[in-house]
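Reading through the structure tokens given below for one structure.
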Amino acid sequence: MRNAPFTASSSAIKLIASYALFMLASSLFSIASAGSLSVTVVDKDGKPAADAVVVLQPTGKGAPKNPLPLQATIGQEKMQFVPALTLVGVGAKLRFVNNDAWDHHVRGGAAGLTPALGASAGSAPAGFELRLEGKSEGKPAKSLEVTMDKPGAQSAVLLGCFLHGSMRGHVYVSESPWAVKTGADGIASFDEVPDGAVQLKVWHPEQLIDLPGQQVTVSSTPAKASVQLQVVPRRRRV
Ligand SMILES: [Cu+2]
């Protein structure tokens, strides 16, 4: 009789232990139910295409480990936007910094459209313009900020300069958190993508006609996909 309560609690411990094991096993299983996906983007000639944005739309639930940046700095250096392509999430703040000794008059608008004029620094994703004085010796560079509130009808924003027609840059505001810019090897890698069907699309600044989307299946085995652009991007002068 004296042992009875002890026996009861021991089976309770067993129950808790097996429940804990079950939870551990199911959490391990849920980690395993995501996979990696490597997307290679090549140009019309089959060469790796850098600075393409690969956007995924997984059907399964889950968020990437590294969210898209909500803050980015775009320099104006030697008549170029640096970086040439900036990938951010919706609501990101873009800081434009003029590192040149001369003025720049930066404008931004939906890629493929004439930028809307009249808007100024602040919250103006549809079109904005900001005049940045040149940097004088020994003084900090002038900078202004713009907030990319909405991705708008088009996620891609074309950057230009009223004073220097050759200056071109892009900002891609992705609604999906699953977006990665291709490197020099043309590859965009994704980790822990939820299992199942995934819609994939590729955007490149010089691919003016939208490429058809693709569907890939992600599982515990690493998946691969490749996309070919219909253009050969111009080389950026260095
Ligand atoms: Cu300029």
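Ligands are counted one by one from 1 in listed order, and the atoms in each one are counted from 1 as well. Everything quoted here is computed from the prediction, not taken from an experiment.
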Original post:
Does atom CG of Asp45 have more than 12 heavy-atom neighbours from other groups under 6.0 Å away?
Top reply: yes

Original post:
Which pair of heavy atoms, one from Gln215 and one from Ala197, lies closest together, and at what distance?
Top reply: NE2-CB, 3.4 Å

Show me the donor-acceptor pairs within less than 3.5 Å that the side chains of residues 221-233 make with the rest of the protein, sequence neighbours left out.
unit_1	atom_1	unit_2	atom_2	d
Thr221	OG1	Ser219	OG	3.0
Gln228	NE2	Asp43	O	3.0
Gln228	NE2	Lys44	O	3.2
Gln230	OE1	Gln207	NE2	2.8

Subject >> side-chain contact (heavy atoms from CB on, under 4.5 Å) between Phe96 and Leu159, worked out >> reply: CA-CA 11 Å; Phe96 290 87; Leu159 300 176; 3.9 Å; yes

Original post:
Minimum heavy-atom separation for Val88 to Leu94, with atom names?
Top reply: CG1-CD2, 4.2 Å

Original post:
Can you list the protein N, O or S atoms less than 2.8 Å from the Cu ion (ligand 1)?
Top reply: His104 ND1, Cys161 SG, His164 ND1

Original post:
Are there more than 12 heavy atoms of other residues, nucleotides or ligands under 6.0 Å from atom NZ of Lys93?
Top reply: no

